[in-house]
Amino acid sequence: MTAASKSATMPAVYYDAFQGPIRIQDVPVPELSPGSVVIQVKATGLCRSDWHGWMGHDSDIQLPHVPGHELSGVVDQVADDVMHWTPGDRVIVPFACGCGQCPPCIRRQLHICDHYFQPGFTAWGSFAPLVRIDFADHNLVRLPDAFDFITGASLGCRFATAYRAVMLQGQLRPGQWLAVFGCGGVGLSAVMIGVAQGARAIAIDTNAQALRLASQLGAELVINANKTRDVERFIMNCTGGGADVSIDALGHAETCCQSILSLRKQGRHVQVGLLLGDQSRPRIPMERVIGWELQLLGSHGLAAPDYAPLLQLIEAGTIMPQQLVTQTIALEQAPNQLAQMGRFPFAGVTVIDRFA
């Protein structure tokens, strides 16, 4: 008997108004649709993007809603037309999924699909024992047997996004300087990946605990932005001309500008943190961009075909995303913790791993 057939309903984190009460409520179990699978969730990360969704910052969400997009688990049910997956398969789900048919998908860029599917945003998500994933043949990633589910969940969004930002978009090379603005899950992941690449990492935040974690992960410099005047000039002085790659992992007009101004000539700024609401169109120091030939890049998730090199680094022990997980919680604890995420109360990554 599959998990989905045991009951017509299941508990889930649920809200029916933006910025309204978040609660545990029984909801219908997901049903298969063409091309989909139902996954029994074993672990799912609590991400600030889920908080943005609850706040009403994401236009893809239709109420009522079940959030959650960083997940790993076991395939429970498979639609008849799914070719590559069977019940019992251990999988990771990238948070940005593609249809497999549009021009970006044909170029293997499923994370910027023209008809994208995102659990926890365009559909109900993984803050529940079961979740349906569409376009399954194109998007699921097999979780190696050596990985536990908590490690797998850490790869669905923040760590994978940081990997693309640092390695594929930022093109970071050994010996180069990497400046990371914001040391939440994405920022700490970026620090770990940069250090593993042989780069010299700088971590910038206002949270002392987050900066301690960054230092433990190998950041050569940590900067408390509340205590350092003119952060970008300080970085320029410490690096002898600026960072080669700088990442805004927070998503704020100020950190975006600081990241750009911290670069050396022909440096690369990668925007990862979401700039929303009145922050969505920040002033860009375009005179610096032009005069210094800077590159401004975005980074949005990681396509399923690009996971293999990342998994190889983890299997080799070169990077260890599980070190970023600072707490695991039960599903019933998630509503309270989700509502608090706007205040950045927790350093590191929180993962839900208990659903009953």
Side-chain angles (χ1 to χ4, degrees), residues 39 41-51 67-74 90-97 111 118-120 125-127 131 133 139-167 180 182-196 210 213-214 216-218 247 249 272-273 299-304 306-331 333-334 337-338 341 344 346-355:
I39 293 173
V41 181
K42 295 295 187 179
T44 182
L46 196 66
C47 178
R48 194 163 189 261
S49 296
D50 299 309
W51 176 84
H69 62 283
E70 291 185 323
L71 71 133
S72 65
V74 176
R90 304 169 78 248
V91 294
I92 307 165
V93 181
F95 87 93
C97 298
H111 62 298
Q118 293 183 337
S126 56
F127 288 177
V131 63
I133 302 298
N139 294 289
L140 300 187
V141 177
R142 197 170 302 277
L143 179 67
D145 290 339
F147 292 17
D148 60 35
F149 289 109
I150 291 175
T151 300
S154 72
L155 302 180
C157 173
R158 283 169 281 193
F159 204 89
T161 298
Y163 175 80
R164 178 170 177 79
V166 172
M167 301 299 295
V180 179
C183 293
V186 171
L188 290 172
S189 299
V191 168
M192 177 183 285
I193 293 164
V195 170
L213 283 173
Q216 292 168 11
L217 293 172
I247 293 175
V272 178
S299 186
H300 178 74
L302 183 71
D306 292 329
Y307 268 74
L310 172 60
L311 295 177
Q312 290 169 5
L313 289 173
I314 299 169
E315 287 186 287
T318 305
I319 52 179
M320 293 177 281
Q322 64 271 22
Q323 291 183 344
L324 303 179
V325 178
T326 52
Q327 65 171 338
T328 60
I329 62 172
L331 186 68
Q333 297 172 270
Q337 294 220 11
L338 177 58
M341 292 200 77
F344 300 98
F346 312 109
V349 172
T350 296
V351 174
I352 303 167
D353 66 346
R354 302 183 296 281
F355 296 87

Going by heavy atoms in the side chains, are [X] and [Y] under 4.5 Å from each other?
{"X": "S154", "Y": "L324", "value": "no"}
{"X": "M341", "Y": "D50", "value": "no"}
{"X": "F149", "Y": "V41", "value": "no"}
{"X": "I92", "Y": "L311", "value": "yes"}
{"X": "F159", "Y": "M192", "value": "yes"}

What heavy-atom pair brings [X] and [Y] nearest, and what distance separates the two atoms?
{"X": "A165", "Y": "I247", "value": "CB-CD1, 4.2 Å"}
{"X": "Q337", "Y": "I329", "value": "NE2-CG2, 3.7 Å"}
{"X": "A162", "Y": "A190", "value": "CB-N, 3.7 Å"}
{"X": "G182", "Y": "A249", "value": "O-CB, 3.5 Å"}
{"X": "R158", "Y": "T350", "value": "NH2-O, 4.1 Å"}
{"X": "G45", "Y": "F127", "value": "O-CE2, 3.5 Å"}

Partner residues of T44 under the side-chain hydrogen bond (donor to acceptor under 3.5 Å, both in side chains) criterion, sequence neighbours left out: S126
Results of side-chain hydrogen bond (donor to acceptor under 3.5 Å, both in side chains) for R90 - residues two or more places apart only: none
Backbone N/O of L155 and side chain of Y307: donor-acceptor pair under 3.5 Å: yes
By ring-ring contact (aromatic ring centres under 6.0 Å, His included) - contacts of F95 (at least two apart): H69, H300
Pair V195-L217, side chain to side chain contact (heavy atoms under 4.5 Å, CB included): steps then yes or no: CA-CA 8 Å; V195 170; L217 293 172; 6.0 Å; no
From CZ (R354) to CG (L331), nearest 0.5 Å: 10.5 Å
Rounded distance (nearest 0.5 Å) linking atom CD1 of I352 with atom CD of Q333: 9.0 Å
Could you list the donor-acceptor pairs under 3.5 angstrom formed between side-chain atoms of residues 139-148 and any protein atom two or more places apart in sequence or on another chain?
{"unit_1": "N139", "atom_1": "OD1", "unit_2": "G98", "atom_2": "N", "d": "2.8"}
{"unit_1": "N139", "atom_1": "ND2", "unit_2": "G98", "atom_2": "O", "d": "2.8"}
{"unit_1": "N139", "atom_1": "ND2", "unit_2": "F135", "atom_2": "O", "d": "2.8"}
{"unit_1": "R142", "atom_1": "NH1", "unit_2": "D89", "atom_2": "OD1", "d": "3.4"}
{"unit_1": "D148", "atom_1": "OD1", "unit_2": "I150", "atom_2": "N", "d": "3.2"}
{"unit_1": "D148", "atom_1": "OD1", "unit_2": "T151", "atom_2": "N", "d": "2.7"}
{"unit_1": "D148", "atom_1": "OD1", "unit_2": "T151", "atom_2": "OG1", "d": "2.9"}

Residue pairs, two or more places apart or on separate chains, that pass side chain to side chain donor-acceptor pair (under 3.5 Å) and touch residues 308-326: none
Derivation and outcome, side chain to side chain contact (heavy atoms under 4.5 Å, CB included), residues V191 and L213: CA-CA 10 Å; V191 168; L213 283 173; over 6 Å; no
